[in-house]
Q: 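Below you'll find the structure I mean.
Proteins get letters first, then strands, A, B, ... in listed order; numbering begins at 1 in each.
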Amino acid sequence: MSKHPRITLVTGGARSGKSALAESLAAAHEGTRIYIATAEAWDDEMTQRIGLHRDRRGSGWQTVEEPRDLAGALARTDGQGVRLVDCLTLWLSNLMAEGQPDPHIRALCRALDAQQDPVVLVTNELGLGIVPENALARRFRDEHGWMNQAVVAIADEVWMAVSGLPLRLKPQRGTS
Amino acid sequence: MSKHPRITLVTGGARSGKSALAESLAAAHEGTRIYIATAEAWDDEMTQRIGLHRDRRGSGWQTVEEPRDLAGALARTDGQGVRLVDCLTLWLSNLMAEGQPDPHIRALCRALDAQQDPVVLVTNELGLGIVPENALARRFRDEHGWMNQAVVAIADEVWMAVSGLPLRLKPQRGTS
Amino acid sequence: MSKHPRITLVTGGARSGKSALAESLAAAHEGTRIYIATAEAWDDEMTQRIGLHRDRRGSGWQTVEEPRDLAGALARTDGQGVRLVDCLTLWLSNLMAEGQPDPHIRALCRALDAQQDPVVLVTNELGLGIVPENALARRFRDEHGWMNQAVVAIADEVWMAVSGLPLRLKPQRGTS
């Protein structure tokens with residue numbers, strides 16, 4: 001059992017401070033820090049968000065862009081330091097634009113299980129609103145929830161960010 | 001005071017693992033297990049969801065279908081074993097399609113208060129998104145929140161599922 | 001360090017019991033109670049919601065209506081007793097209808113920092129649903145999340161209401 005958890009998941013709503021929390025959890029690890037970005041800058045809004053995140057991280061991070069083959073990116077970077085994957089929601093969105101995401105999610109879980117160096121992953125909680133009228137949004141919400149549950153089952157530590165505050169969900173103290 | 005709580009509510013977002021959590025809480029009770037289904041299979045998507053839940057529960061459950069008269073179903077099954085009601089959100093949706101839900105919610109609360117055997121109920125948290133543009137969705141969100149608060153006031157134990165993890169909200173340890 | 005926290009934020013979803021929780025936290029302070037309402041009654045639905053909140057509070061509250069200049073309202077009422085601001089979400093909505101909210105949010109934070117008497121503020125968690133299709137709703141969600149994080153950073157105590165139950169997020173016991 002290592003001092004630090006090997007697989008950490010940070011979930012939360014939009015603008016809840018989850019990326020900042022994930023960065024501080026990753027920065028607690030010594031050595032090289034590798035940022036695995038799943039975002040593709042296909043419009044101005046996204047380009048701006050990517051820039052904001054990059055500015056906050058500052059120097060001291062290596063960046064790997066990998067919108068689809070996360071399992072491969074983790075395998076290639078294992079042994080080089082802590083990895084921060086930001087985020088699984090955009091990754092799933094990229095996968096669903098091209099077909100069935102399930103084999104990719106299973107490959108991600110196998111890759112996470114095999115990692116030697118720590119990994120911090122960012123995802124969203126997005127099932128807490130009214131049922132979407134759009135059938136594609138409902139399907140995304142379902143697939144996303146199942147993805148989150150699959151990664152949570154592997155994770156040593158799970159946090160939820162709420163308005164910038166961290167709430168630890170796994171392991172819990174004093175609430176079971 | 002019995003060893004197990006008599007009335008348990010499990011809330012959570014879509015695909016948060018709330019039905020699985022509720023089933024495991026219900027399965028902790030010995031004796032017969034009765035599943036009270038409020039869903040009506042009016043389209044393929046819903047038929048598929050119902051099938052998924054039934055497959056996961058497996059055998060060992062008796063199923064009662066009751067889309068509207070929950071108070072009656074609880075009265076009829078009390079004394080036969082633990083009941084799992086899945087879910088209050090669909091029940092409210094069925095009620096609102098036909099008129100004012102308030103008398104039914106009050107009848108449910110009176111029935112819960114009178115139960116001898118344990119009841120586990122599943123509901124959704126659905127007020128944590130942007131205000132819906134649709135007036136009916138806003139009204140549903142309001143009625144649903146009031147329903148949840150009324151059942152929470154009666155419940156001995158309340159859990160929230162987040163990405164498959166249980167967070168106990170009532171009674172809380174270490175957070176008050 | 002005073003016995004009671006000076007700045008308290010209560011967040012939560014729609015119909016989660018956050019206003020009732022905020023009122024009970026404010027009512028724990030002795031002396032005059034001042035309700036600072038940010039709502040403007042521009043339609044029947046809003047008029048009805050305002051009336052429901054006023055009826056629940058009952059007498060014993062002074063009401064100040066201030067849809068925009070919250071910093072000014074706090075400065076004018078400091079020294080007169082506990083203030084309950086309900087809510088920051090409507091305030092931000094009023095500000096965004098007129099221009100850039102950022103200077104107003106900074107002014108609010110400076111005003112909160114300078115208060116002698118306690119302040120309880122109500123806000124919403126609204127980033128936990130599917131990404132809104134509407135660009136204005138996405139921008140509101142972003143600004144709102146940043147506003148919440150800025151106020152959380154100043155607050156001595158932060159609570160989240162879930163289905164009528166209080167979950168304390170700051171300071172946390174037993175979860176860090």
Q: Are B/E98 and B/R68 ion-paired here, with the side-chain N under 4.0 Å from a carboxylate O?
A: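 Result for this pair is yes, salt bridge flagged.
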Q: Between A/F140 and A/T89, which heavy-atom pair has the shortest distance, and what is it?
A: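 Closest approach of A/F140 to A/T89, heavy atoms only: CZ-O, 3.7 Å.
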Q: Residues of residues 9-26 of chain B under 4.5 Å from chain A (heavy atom pairs)?
A: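 So the qualifying residues are B/G12, B/G13, B/A14, B/R15, B/S16, B/G17.
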Q: With sequence neighbours left out, write down each residue that passes side-chain hydrogen bond (donor to acceptor under 3.5 Å, both in side chains) with B/E143, or none if nothing qualifies.
A: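 For B/E143, no residue satisfies side-chain hydrogen bond (donor to acceptor under 3.5 Å, both in side chains) once neighbours in sequence are set aside.
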Q: Name the region of A/M160, side chain, backbone, both or neither, that has any atom closer than 4.5 Å to a heavy atom of chain B.
A: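 The answer is the side chain of A/M160.
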Q: Can B/R83 and B/E66 be counted as an ion pair, charged N to O under 4.0 angstrom?
A: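 No, this pair does not count.
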Q: Could you tell me which non-hydrogen atom of B/L90 sits nearest to which non-hydrogen atom of B/A39, and how far apart they are?
A: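 Shortest heavy-atom separation between B/L90 and B/A39 comes out as CD1-CB, 3.7 Å.
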Q: Are more than 12 heavy atoms from other residues, nucleotides or ligands located less than 6.0 Å from atom CG of B/D113?
A: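 Enclosed: over 12 neighbouring heavy atoms sit under 6.0 Å from CG of B/D113.
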Q: By a 4.5 Å heavy-atom criterion (distance strictly below it), what part of A/V158 contacts chain B: side chain, backbone, both, or neither?
A: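 For A/V158, side-chain heavy atoms alone lie under 4.5 Å from chain B.
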Q: Is a donor from one side chain sitting under 3.5 angstrom from an acceptor on the other, for B/S163 and A/E125?
A: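 Distance-only check passes for B/S163 and A/E125.
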